[in-house]
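Notes follow once the structure below has been shown.
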Amino acid sequence: MTLHADRTPFRSWTLDAGHGHRLQVDEWGVPDGTPALLLHGGPGSGCSPLLRRFFDPARYRVICLDQRGAGRSLPRGSTVHNTTAELLADVHLLRQRLGLPRWLVVGGSWGATLALAHALAEPQAVAALLLRALFLPRRQDIDAFFAGGPSLDVLAAGLRAGGAEAHRSALAWWRHERERSGGGAGGGSDPEGAAL
């Protein structure tokens, strides 16, 4: 499959989702194109440039939402008021704010789970689903995902320590998630040295 050239978004803005959460929203393609909501995986990854490049920018209005605590949304890394129900409320608010009756919903990994939950909660709002790398939060899926990865206790201690230690922990998690998802179907280059 040939990817479309990456372009500058025609609109970038923030959605005030309440409880101090400000969500980053970027839109590519054409404003009157077929609306397609991209739901990224997680935790914390945000919308990757690769995801939008699958869509013809002359036909689609690609809407990328950095979920609560993820990507460029603020506060970064926050888990406060960050539940599935609140994420679904954000998706609903975004669709209402954009004035869209329906959209194509695209998700990978955790984003696929969120897309399915959105389709169950608001079937009238979903024209179609396009899902990849499904992650179902069953015990066996969670155990398999964490197998062979960095110790969660060590990661949590690093994040609590802050500074360079938090950066190392976040980078270790990013690398593990990328490896488990087959080399980064939703990722970009290694964020080593980038501000996380």
Side-chain angles (χ1 to χ4, degrees), residues 6-31 33 35-53 55 57 60-119 121-122 125-126 135 137 155-156 158-164 166-167 169-171 173-174 177 186-189 191 193-196:
D6 198 12
R7 298 182 179 190
T8 303
F10 69 78
R11 182 176 176 210
S12 289
W13 53 288
T14 56
L15 176 66
D16 184 350
H19 297 105
H21 285 277
R22 297 189 51 78
L23 310 182
Q24 179 65 37
V25 180
D26 294 310
E27 299 179 58
W28 283 268
V30 289
L37 172 66
L38 293 183
L39 295 173
H40 62 78
S45 59
C47 282
S48 161
L50 177 63
L51 297 176
R52 64 182 173 258
R53 293 183 59 207
F55 294 88
Y60 288 92
R61 176 183 183 179
V62 181
I63 303 154
C64 295
L65 170 69
D66 281 352
Q67 299 161 32
R68 291 178 183 229
R72 292 177 291 146
S73 290
L74 299 173
R76 293 187 81 181
S78 176
T79 57
V80 177
H81 290 287
N82 193 345
T83 65
T84 302
E86 287 162 318
L87 294 172
L88 289 172
D90 295 344
V91 170
H92 175 80
L93 178 63
L94 175 61
R95 188 175 59 80
Q96 295 299 310
R97 189 69 48 89
L98 293 172
L100 298 172
R102 298 177 60 151
W103 50 14
L104 165 65
V105 182
V106 181
S109 189
W110 163 251
T113 303
L114 188 58
L116 285 168
H118 172 53
E122 297 187 85
V126 179
F135 178 82
L155 288 175
L159 292 173
R160 282 191 301 273
H167 178 86
S169 290
L171 187 58
W173 176 257
W174 180 87
E177 182 183 21
S189 60
L196 292 175

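Position 1 is the first residue of the sequence; numbering continues from there. All values derive from a computational prediction rather than experimental measurement.
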Practice problem: Spell out, as yes or no, whether a donor-acceptor pair under 3.5 Å connects the side chain of E86 to the backbone of N82. | Solution: yes
Quiz item: What heavy-atom pair brings F10 and G29 nearest, and what distance separates the two atoms?
Solution: CD2-O, 3.4 Å
Quiz item: Does some side-chain heavy atom of T14 sit less than 4.5 Å from a side-chain heavy atom of V25?
Solution: no
Quiz item: Measuring from F55:CZ to L104:CG, what's the distance to the nearest 0.5 Å?
Solution: 5.5 Å
Exercise. Please confirm whether the backbone N or O of L23 pairs with a side-chain atom of D66, one donor and one acceptor, at under 3.5 Å?
Key: no
Exercise. Give, for atom CZ of R11 and atom CZ of R61, the distance between the pair rounded to the nearest 0.5 Å.
Key: 7.0 Å
Quiz prompt | Separation between CZ of R22 and CG of L15, rounded to the nearest 0.5 Å | solution = 8.5 Å
Self-check item: Point-to-point distance, once rounded to the nearest 0.5 Å, from CD of Q67 to OG1 of T84
Solution: 9.5 Å
Quiz item: What are the two closest heavy atoms between P75 and G20, and how far apart are they?
Solution: CD-O, 3.4 Å
Quiz prompt | Donor-acceptor pair, side chain of H21 and main chain of V80, under 3.5 angstrom | solution = yes
Quiz item: Mind checking what makes side chain to side chain donor-acceptor pair (under 3.5 Å) contact with S12, not counting sequence neighbours?
Solution: D26
Practice problem: Report yes or no: does R68 contribute a side-chain atom to a donor-acceptor pair with the main-chain N or O of A17 at less than 3.5 Å? | Solution: yes
Practice problem: Using atom types as modelled and distance alone, determine if a side-chain donor or acceptor of S48 lies under 3.5 Å from a backbone N or O of L50. | Solution: yes
Quiz item: Between the main-chain N or O of G71 and the side-chain N or O of Q24, is there a donor-acceptor pair closer than 3.5 Å?
Solution: no
Quiz item: For the residue pair C64 and L38, what are the closest heavy atoms and their distance?
Solution: SG-CD1, 3.5 Å
Quiz item: In Å and rounded to the nearest 0.5 Å, what is the CH2 to CZ distance from W103 to R95?
Solution: 6.5 Å
Practice problem: Work out which heavy atom in W110 is nearest to a heavy atom in H40; give both atom names and the distance. | Solution: CD1-O, 4.1 Å
Exercise. Hey, could you give me the NE2/CG distance between H81 and L87, rounded to the nearest 0.5 Å?
Key: 13.0 Å
Quiz item: How far apart are the C-alpha atoms of V91 and L39, what are their side-chain angles, what is the distance that settles it, and do they pass the side chain to side chain contact (heavy atoms under 4.5 Å, CB included) test?
Solution: CA-CA 9 Å; V91 170; L39 295 173; 4.3 Å; yes
